[in-house]
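Positions are given from 1, in the same order as the sequence printed here. Given the structure is predicted, the values throughout are model-derived calculations rather than measurements.
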Amino acid sequence: FGRSGYRVWLAADGRGVLEALRTESAGIDAVLADADLPGLPGEVLTGWLRAVTPDLPCCLRTAPLDDAPADTPTVAKQSPPAAVVARVRE
């Protein structure tokens, strides 16, 4: 993602994502999260994001794709980086 112009924050679990959003919110343009985040499932995270920051794009990496919430953009975990970047930009 860095090569595509994005700054990247890494989080080991859902609580880390929430902490990054609290402390770095001005610098975050989109969220790409694993659907199976430890401590905070991806669908819970995206629901919270929609409620608190509805204009912040969010995409879940998941496998298989049919396990993802219907109203959340997804990308397969095995997708190449260029496909992931394209999906986040949609």
Side-chain angles (χ1 to χ4, degrees):
F1 285 98
R3 294 181 195 159
S4 299
Y6 290 99
R7 290 186 303 167
V8 177
W9 282 268
L10 299 177
D13 57 27
R15 296 190 197 291
V17 173
L18 296 178
E19 182 62 24
L21 289 166
R22 278 194 289 271
T23 61
E24 305 291 343
S25 63
I28 296 177
D29 296 318
V31 173
L32 173 64
D34 194 300
D36 298 321
L37 276 171
L40 184 67
E43 62 270 10
V44 174
L45 173 65
T46 56
W48 182 84
L49 287 171
R50 273 195 225 81
V52 176
T53 57
D55 295 330
L56 182 66
C58 185
C59 183
L60 290 178
R61 286 183 64 114
T62 185
L65 290 175
D66 57 350
D67 286 348
D71 61 345
T72 302
T74 60
V75 62
K77 287 184 180 182
Q78 68 273 18
S79 297
V84 176
V85 170
R87 184 67 171 140
V88 168
R89 287 183 173 161
E90 289 180 1

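- Under the 4.5 Å side-chain heavy-atom criterion for Ile, Leu, Val, Met, Phe, Trp and Tyr, L56 and V17 are members of the same hydrophobic cluster.
- Side-chain heavy atoms closer than 4.5 Å link hydrophobic residues (I, L, V, M, F, W, Y) into clusters, and following such links, possibly through other members, connects L18 to L49.
- Listed by chain and number, the residues in a side chain to side chain contact (heavy atoms under 4.5 Å, CB included) with A33 are V31, L37, L45, L60 (sequence neighbours excluded).
- Under a hydrophobic clustering in which Ile, Leu, Val, Met, Phe, Trp and Tyr are joined whenever their side-chain heavy atoms come within less than 4.5 Å, directly or via other members, I28 and V85 fall into different clusters.
- Note that the CG atom of D34 and the CG atom of D13 stand 12.0 Å from one another [nearest 0.5 Å].
- Inter-residue side-chain proximity for R61 and L32 is flagged as met; some heavy-atom pair is nearer than 4.5 Å.
- Nearest heavy atom pair, residue T46 against residue C58, reads CG2-SG, 3.2 Å.
- Residues W48 and L21 have side chains in contact (heavy-atom distance under 4.5 Å, counting atoms from C-beta outward).
- When all heavy atoms of A11 and G16 are compared, the pair lying nearest together is CB-C, 3.5 Å.
- The minimum heavy-atom distance between S79 and V75, with the atom names listed, is OG-CG2, 3.4 Å.
- Nearest approach of A35 to E43, heavy atoms of both residues: O-OE1, 4.3 Å.
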